[in-house]
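One structure below.
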Amino acid sequence: MARGTLPKRQRLVGLWLAISGVTLFGGAFLALWLDAELAPDGAARLAIWLACLSAGTLTFTLGAVLARHLFAPLRHLHVLLARLAASPDARADYPPEGWLRDLGSDLDRIRDGWRSDRERLATAHTEGARSAARIRQELEALLQVLDTPLLLCDRHHRLMLFNHAAESLFEGHPCLGLGKRLEALLDTSSLQDALRRLPDDGSPRELLLPYGNRWLRCVLRRVPQSHGETLLTLSDTTEAWACDMGTRTSLTEIVPALRRHGASLTSAADALGSVTEITPESHTLRERLEAVITEEGQALGDEIAHLGALLDDMQRQGERLVPMWSNDLFQALNERLAISSLHLVPIGMPAWLKADAPALLSMLVALIQRLAEYSGSHSFEAEILLGNKRVYLDLIWSGTPIRQYQLTQWCEQRLETLPLSPCIGDLLRQHASDIWSLSDADGQHARLRLPLPAEERVGAPPSRPAPRPEFHDFGIADLPPPDAELAACPLRQLEIVALDTETTGLELRRGDCVISIGACRIVNARLLANDTFEQRVDPGRPIPPSSTAIHGLTDSDVAGAPPLPVVLPRFRDYIGDAVLLAHNAAFDMLALQPPGAGVEFCMPVLDTLLLSRALDAGLDGHDLDTLAERYDLSIPDGARHTALGDARLTAELWLTLLPRLEARGIDTLEALLTLQAGAFDKEDASA
């Protein structure tokens, strides 16, 4: 017989009969020997025979019991599993019996699961097509309501997705289609360069792209944790630029008119002042001069009103100025300057500013290229200085300041990469700015200073959070409506909040209280990793060292935390209409509802301790550590005995117990609460 394998039935029965026969024969021989030696009579003789034959009888009886209740069921289980492994459709001739009877529902679930898997494999193409069609319909419905043109391309710049807004924007373009190259649709070197230099963390980059006789503002983002896919959002800025440039043209036309009307008024006023004699001729001249003054004054007033309207328009156009973090600005600048082998080194403290990002970038690139020609340097320092409602962007180099007449010439340079080819001076006026040059105190360095509007914000931009593991869940649409009867709700469709508390001790009825609450949410039988509640609580009393040794929390850890009456309403709002879940829930619920708490938790409460006890009444060990080891649940380092860590472990334990509950026909909340009540032994876990 091979080591570690179950003996064959014949060998096992033979061994059992041999041991029983030897024991009975030996007992009978011993009884005969004692009878001959001692010659007992009556009750003594009967006792000797019973004692000698009892071992053999016990061996035979024990073997018969084991054969009936253990070995036969094990043999039947072996046959059943072998048949199921060969074919899930095999008949179940040997249902578990004897001491293995409780495994029947689990084995039925395994067999049903295998059969279900075969059915799924047989209809995989059909189900896959239906699922793909449903996802496509959901995605198309979402994209239809977006009025922002979207393009999604893969790492080879082939179009993977476009919405109806993009189809309208590129209406009639032959290169708009799935699988077609982005370069064929928007063939610009700046776009190709931006795609090559796009960061992988999802940070946006902006640029202006020509498209026919229009200009498009394009925001590019690399899709995080993808295979290089890029999302482009587009907007037509032609009208905005035309409006902006039109306003400037109107201003250019107004200024000469204002000067002309002003000169006419001055001349008429001087002539009127020179008329001192009162004669019929002078009276006529005075009337004519007064009419000229009235006419020119009215015209001047109209032009001033027009000027005010234009200024209002420019003020509204100032909404194009968006907040920018200076470090992001310098990074984007270096990406553009790399083509010209130029480089910026940011120094000093970063700050926020407001600017029209594509226009400012193009202007700074042109200015830095001019600086490189002027200074002969290829590397410059860039510094942001805070002023009164302005920030000053300084470009620093070794050398002498630039004369003002040279800066005036630079301001006349037109930027052909921008729509309508504005000059640098136009963009400075758009930002209500100017440029000048000055020397540093050391006499060895010079600066080109550019004042820009300040943004009332402090601190660096918040770090980008890690991508959520839950992106979508169309199964939520299949959940019962919120007003459905909760007792009849299927277990998999329950919204559950798993919770745990840490306390100053275990004697809640003698003054111990909560110091930490942790919770997480389960929706549609999925644990949502980022939907959590975690809050430390000021207990209003010292934390004993014996408790700190378990959960690691000290008095300093909860110093300044809100008290429990402040935390409980927020926690109740987090729970909403969900069912509560805890391990040894009697303790946690007593901890959350001390006398005078003022917040009631009247929703159903599930207890994984009682559920495990009900499922496996014959097994010992239903504490959280034992169950985690039994079901091979992972516990991250440092998470055990923390409120949120234990809440997540309890949630994972529930999801592990769920299939076993369903295998026993426990598939509604009402049936589950009935099962749980049967396992409650009325032991006060919080005493």
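Not a single donor-acceptor pair under 3.5 Å links the side chain of D555 to the backbone N or O of P542. In this structure a side-chain-to-backbone donor-acceptor pair under 3.5 Å is missing from E502 to G552. Looking only at distances, no side-chain donor or acceptor of D588 sits under 3.5 Å from a matching main-chain atom of A585. Under the 3.5 Å distance criterion, the side-chain polar atoms of H583 are matched with a main-chain donor or acceptor of H622. Side chain of S612 to backbone of T608: no donor-acceptor contact under 3.5 angstrom is found. A donor-acceptor contact shorter than 3.5 Å is absent between the side chain of T504 and the backbone of I543. The closest donor-acceptor contact from the side chain of N163 to the backbone of T148 lies under 3.5 Å. Checking side-chain atoms of D154 against main-chain N and O of E229 turns up no donor-acceptor pair under 3.5 Å.
Taking all atoms of both residues into account, the shortest heavy-atom contact from Q676 to V605 is NE2-O, 3.1 Å. Of all heavy-atom pairs spanning F330 and L344, the tightest one is CD2-CD1, 4.3 Å.
Using a 4.5 Å cut-off on side-chain heavy atoms (C-beta onward), L452 and L360 make contact. R221 has its side chain out of reach of S203: every pair of non-hydrogen atoms, C-beta onward, lies at least 4.5 Å apart.
Residues R536 and S516 bring no donor and acceptor atom of their side chains to less than 3.5 Å of each other.
Results of the side chain to side chain contact (heavy atoms under 4.5 Å, CB included) test with V223 over T230, D200, L152 single out L152 as the only residue that passes.
Salt bridge present: D512 and R541 bring a charged side-chain N and a carboxylate O closer than 4.0 Å.
Judged by a 6.0 Å distance limit and a 45° cone about the ring axis, R521 is positioned over the six-membered ring of Y574.
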